[in-house]
Structures are given as structure tokens and as C-alpha cells.
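Following: one structure in C-alpha cells, then a few remarks.
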Amino acid sequence: MSVVEQYARAHIVTDADLLQEEQEAVPVVLRYDPETDPRSVRVRLPGRGEHEWTFSRSLLEQGLRAPAGSGEIRVWPCGRVQAVVEFHSDQGVSVVQFESKALMRFLRRTYLAAPVSR
């Protein structure tokens, strides 16, 4: 089984006044390592002290169809072509908007690397 790593462009959603360059899409790393944890995916956000979040790939899949959440992670579809992933921590909330097809492509690749075991 091999590691799946995919780069995606995403928008950090905020109500703060941002400079134009801060409003642009940012690179986000999506990672799946079936050797380490076959049920989880990781999302690494750029920024000060990069943040990495680990959560179940089934949560990501469910959240692409309808609002879903578990613990500090929430995922929901946003219109027809976007999805939102919301990360909660002691420091606050990060809301990240992705193109749904990038997340679906990543999920397909993870299932090719390691199908769901029942």
C-alpha cells in the first residue's frame, strides 16, 4: 500500500480585513497513509506554524454529500461545486473552502490505495 499525497488549492474563509494576496487560494496538502492509519486522512494548512488535522476519511466522504461532523471537524457541501471543512481548536476556528472535485479525486485515490475493510 502506498501513501497518497495531493496538493489542492483552497480558500481560507475569514471575516478579517485581508490584503489582496491573502485572499487568493492557498496550497493545502491532503495526505493518506494506509500503513499508519488506514481509516484517516490528513489535511495540512499553510500559515504561521502550519496546522495539520487528522480525521476519518468516511467523515470527508459523508461531508461531500451532506453536512457531517465529528469532534473538532465539520464538513459540508457548499453549492454544487464546493465543499467546506471547518476545523475547531483552542486557538479558534479555521474554515477552508475547497473545490469538491479535488476532494473527490483525493478520496478516489485513497480507496485505490486501500479499499474500505468491512
Side-chain angles (χ1 to χ4, degrees):
M1 292 187 270
S2 60
V3 172
V4 174
E5 188 167 275
Q6 178 177 313
Y7 294 85
R9 307 278 303 155
H11 291 274
I12 308 296
V13 179
T14 179
D15 60 358
D17 290 332
L18 297 177
L19 299 173
Q20 180 61 34
E21 62 269 13
E22 292 174 322
Q23 295 176 16
E24 300 297 321
V26 297
V28 174
V29 179
L30 307 169
R31 184 173 170 84
Y32 175 70
D33 185 348
E35 295 290 325
T36 304
D37 187 352
R39 292 192 169 113
S40 296
V41 295
R42 290 186 274 169
V43 176
R44 187 170 59 231
L45 303 176
R48 296 179 203 101
E50 283 189 351
H51 302 335
E52 184 169 272
W53 300 85
T54 302
F55 55 99
S56 78
R57 71 177 170 169
S58 64
L59 172 62
L60 181 57
E61 183 178 11
Q62 291 168 8
L64 290 173
R65 292 188 306 267
S70 177
E72 57 195 23
I73 310 292
R74 307 277 184 272
V75 183
W76 67 89
C78 180
R80 294 173 49 190
V81 297
Q82 297 179 330
V84 172
V85 182
E86 186 177 274
F87 304 98
H88 294 255
S89 72
D90 293 340
Q91 291 76 37
V93 177
S94 295
V95 179
V96 184
Q97 191 172 37
F98 291 89
E99 284 191 23
S100 297
K101 65 182 174 183
L103 297 177
M104 289 185 282
R105 184 172 39 251
F106 171 69
L107 277 173
R108 267 195 310 275
R109 292 179 64 210
T110 70
Y111 288 122
L112 288 172
V116 177
S117 56
R118 304 214 188 264

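- Within the 4.5 Å cutoff, the side chain of F87 has no heavy atoms near those of the V93 side chain.
- A heavy-atom distance below 4.5 Å is found between the side chains of R42 and D33.
- L103 and V29 are assigned to two separate hydrophobic clusters, defined by single-linkage of ILVMFWY side chains at heavy-atom distances under 4.5 Å.
- Between T54 and V41, every side-chain heavy-atom pair lies at or beyond the 4.5 Å cut-off.
- With rounding to the nearest 0.5 angstrom, the CZ atom of R57 is 8.5 Å from the CD atom of E61.
- Rounding to the nearest 0.5 angstrom, the gap separating the OG atom in S2 from the CZ atom in R109 is 8.5 Å.
- Between W76 and V85, every side-chain heavy-atom pair lies at or beyond the 4.5 Å cut-off.
- Rounded to the nearest 0.5 angstrom, Q82 CD and K101 NZ are separated by 11.0 Å.
- Salt-bridge check for E52 with R44: passed, with a basic side-chain N closer than 4.0 Å to an acidic carboxylate O.
- Taking 4.5 Å as the limit, every side-chain heavy atom of S100 sits out of range of all side-chain heavy atoms of V81.
- Summarising the geometry, atom OG belonging to S40 is positioned 13.0 Å from atom CZ belonging to R31; distances are rounded to the nearest 0.5 Å.
- In this structure the side chain of M104 reaches within 4.5 angstrom of the side chain of L64, judged on heavy atoms.
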Test side chain to side chain donor-acceptor pair (under 3.5 Å) applied to R39 and S56, step by step: CA-CA 6 Å; R39 292 192 169 113; S56 78; over 6 Å; no

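- No path of Ile, Leu, Val, Met, Phe, Trp and Tyr side chains, each step under 4.5 Å between heavy atoms, connects W53 with Y7, placing them in separate hydrophobic clusters.
- Other residues, nucleotides and ligands contribute over 12 non-hydrogen atoms within 6.0 Å of the CD atom of E86.
- Side chain of Y32 to backbone of P38: a donor-acceptor contact under 3.5 angstrom is found.
- In this structure, the separation between CD1 on I73 and OG on S94 is 9.5 Å, given to the nearest 0.5 Å.
- In this structure the side chain of I12 never reaches within 4.5 angstrom of the side chain of V95, judged on heavy atoms.
- The minimum heavy-atom distance linking P34 with A114 is given by the pair CB-CB, 3.7 Å.
- For the residue pair A66 and P77, the shortest heavy atom distance occurs at C-CD, 3.7 Å.
- Nearest heavy-atom pair across V43 and L30 is CG2-CD2, 3.8 Å.
- Checking side-chain atoms of R9 against main-chain N and O of A25 turns up a donor-acceptor pair under 3.5 Å.
- Judged by distance alone, with hydrogens and angles left aside, the side-chain atoms of R74 form a donor-acceptor pair with the main-chain N or O of G71 at under 3.5 Å.
- One finds the OG1 atom of T110 at 10.0 Å from the CD atom of Q6 (value rounded to the nearest 0.5 Å).
- Without hydrogens or angle criteria, E72 side chain to D90 main chain gives no donor-acceptor distance under 3.5 Å.
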